[in-house]
J.: 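Sharing a structure, written as structure tokens. Questions coming.
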Amino acid sequence: MDLGLISVRYARALLKCSLEQKVEDAVYDDMLTLSKSFASVPQLSVAIANPMMQREEKAQLIETAMGGNPNELSKKFVTLVLSKERVKHLMFMASSYITLYRKHKNITSGKLTTATPVSQQTEAKMKQMVESKTNGTVEFETVVDPEIIGGFILEYDTYRMDSSVQNALRTISAQLK
């Protein structure tokens with residue numbers, strides 16, 4: 001069976017159940033933390049896929065990767081995934097849940113990259129602009145990257161606005177060649 005199909009089916013079931021129990025926000029936080037754990041600790045996937053490790057140990061490890069105190073529904077979900085021997089899909093299930101949750105709540109992920117730190121007012125203004133364009137809420141991340149020299153790069157959904165000095169220099173260099 002297709003890895004994506006399995007992951008999305010489990011994620012849809014988890015979202016439906018979390019909406020019924022009105023704990024979708026808590027489960028979202030758990031899945032977001034778990035997804036970040038998988039990204040920052042690549043050995044986590046290897047550890048939970050180890051057939052020598054007992055289910056209880058795997059469950060405890062996953063709960064720790066969810067922040068140590070996950071929602072009860074998240075714990076039950078992990079138990080279900082372990083009992084159905086789908087633990088190798090858990091990373092993709094968490095990612096699929098995040099995507100489905102954001103779609104359900106009309107949340108857009110945005111990122112502002114600047115050469116120097118910006119004020120909270122500037123960040124709020126950019127966030128408000130993105131929210132007006134998307135007609136939804138925005139989870140906004142601000143990153144400082146001195147390599148862009150100046151200006152900013154704004155990204156959300158599939159949109160990217162690159163007004164950095166680095167990009168302008170690249171364009172000029174390409175025109176001169």
Side-chain angles (χ1 to χ4, degrees), residues 2-4 6-8 10-11 14-15 24-50 61-71 74 87-177:
D2 185 26
L3 174 68
I6 292 169
S7 302
V8 171
Y10 274 80
L14 179 60
L15 180 63
E24 68 274 10
D25 297 335
V27 173
Y28 174 71
D29 290 339
D30 293 340
M31 293 301 130
L32 202 55
T33 304
L34 181 61
S35 186
K36 287 177 182 176
S37 295
F38 276 118
S40 63
V41 184
Q43 299 86 356
L44 180 60
S45 296
V46 176
I48 63 173
N50 183 349
L61 182 62
I62 294 166
E63 286 177 22
T64 302
M66 281 193 246
N69 190 21
N71 181 279
S74 297
V87 74
K88 66 181 179 183
H89 303 273
L90 187 59
M91 175 175 44
F92 303 106
M93 290 175 194
S95 182
S96 295
Y97 181 88
I98 292 166
T99 302
L100 293 169
Y101 174 89
R102 286 179 177 164
K103 189 174 182 180
H104 178 77
K105 297 278 188 170
N106 196 21
I107 298 172
T108 303
S109 220
K111 181 177 175 183
L112 176 64
T113 306
T114 58
T116 59
V118 294
S119 68
Q120 288 184 340
Q121 295 165 331
T122 304
E123 186 178 333
K125 206 178 265 190
M126 295 296 264
K127 183 178 177 180
Q128 186 179 21
M129 183 191 73
V130 174
E131 286 177 343
S132 69
K133 298 270 187 201
T134 61
N135 297 320
T137 55
V138 175
E139 286 183 348
F140 214 66
E141 175 188 7
T142 306
V143 177
V144 176
D145 182 6
E147 288 189 18
I148 69 168
I149 305 169
F152 66 91
I153 301 170
L154 177 65
E155 300 170 285
Y156 64 92
D157 279 343
T158 58
Y159 180 78
R160 178 183 165 107
M161 181 175 156
D162 192 341
S163 294
S164 65
V165 173
Q166 181 185 39
N167 185 48
L169 291 173
R170 232 185 272 129
T171 304
I172 292 169
S173 176
Q175 290 172 351
L176 292 174
K177 288 181 182 178

J.: Measure from the side-chain N and O atoms of S96 to the backbone N and O of F92, and report whether any donor-acceptor pair falls under 3.5 Å.
T.: yes
J.: If you look at every heavy atom in G67 and T33, which pair is closest and at what distance?
T.: N-CG2, 3.8 Å
J.: Between H89 and Y10, does the side chain to side chain contact (heavy atoms under 4.5 Å, CB included) criterion hold? Intermediate values first, please.
T.: CA-CA 10 Å; H89 303 273; Y10 274 80; over 6 Å; no
J.: I153 and S164: which non-hydrogen atoms are nearest, and at how many Å?
T.: CG1-CB, 4.2 Å
J.: Checking T113 now: which residues fulfil side chain to side chain donor-acceptor pair (under 3.5 Å) with it, not counting sequence neighbours?
T.: none
J.: If every non-hydrogen atom of V144 is compared with every non-hydrogen atom of A115, which pair is closest and at what distance?
T.: CG1-O, 3.5 Å
J.: If you look only at pairs with a residue in residues 144-164, which of them pass as a ring-ring contact (aromatic ring centres under 6.0 Å, His included), with sequence neighbours excluded?
T.: Y156-Y159
J.: Taking the side chain as everything from C-beta on, heavy atoms only, tell me whether K177 gets closer than 4.5 Å to S173.
T.: yes
J.: If we only count heavy atoms from C-beta on, is the L14 to M31 side-chain gap below 4.5 Å?
T.: yes
J.: Atom CG of D30 and atom OG of S35: how far apart are they, to the nearest 0.5 Å?
T.: 12.5 Å
J.: What distance do E155 atom CD and E141 atom CD have between them, rounded to the nearest 0.5 Å?
T.: 9.5 Å
J.: For the atom pair OG (S7) and CE (M91), what is the distance rounded to the nearest 0.5 Å?
T.: 9.0 Å
J.: Mind jotting down which residue pairs meet the salt bridge (charged side-chain N to carboxylate O under 4.0 Å, His left out) criterion with at least one end in residues 93-103? Sequence neighbours excluded, please.
T.: R102-E139
J.: With the side chain counted from C-beta on, respond yes when K105 and T137 share a heavy-atom pair under 4.5 Å apart, and no when they do not.
T.: no
J.: Could you name each residue pair satisfying ring-ring contact (aromatic ring centres under 6.0 Å, His included) that touches residues 95-118, not counting sequence neighbours?
T.: Y28-Y101
J.: Of all heavy-atom pairs between A11 and M93, which one has the smallest distance, and what is that distance?
T.: CB-O, 3.7 Å
J.: Below 4.5 Å, heavy atoms only, C-beta onward: do L34 and L90 meet side chain to side chain?
T.: yes
J.: When rounded to the nearest 0.5 angstrom, what is the spacing between OG in S45 and NZ in K88?
T.: 12.5 Å
J.: Could you check I62 against V87 for side chain to side chain contact (heavy atoms under 4.5 Å, CB included), going step by step and ending with a plain yes or no?
T.: CA-CA 10 Å; I62 294 166; V87 74; 4.0 Å; yes
J.: Do M126 and L154 have side chains that get closer than 4.5 Å, going by heavy atoms?
T.: yes
J.: Please report the closest heavy-atom contact between N106 and N135, naming both atoms and the distance.
T.: ND2-O, 2.7 Å
J.: Just verifying a value: how many Å separate I148 CD1 and D162 CG, rounded to the nearest 0.5 Å?
T.: 7.5 Å
J.: So do M66 and S37 actually touch side chain to side chain, heavy atoms under 4.5 Å?
T.: no
J.: About how many Å separate CD of E24 and CG of N71, when rounded to the nearest 0.5 Å?
T.: 10.5 Å
J.: Could I get the full list of side chain to side chain donor-acceptor pair (under 3.5 Å) partners for T171, not counting sequence neighbours?
T.: none
J.: Report the residues that fulfil side chain to side chain donor-acceptor pair (under 3.5 Å) with Q166, sequence neighbours left out, ordered by chain and then residue number.
T.: R170
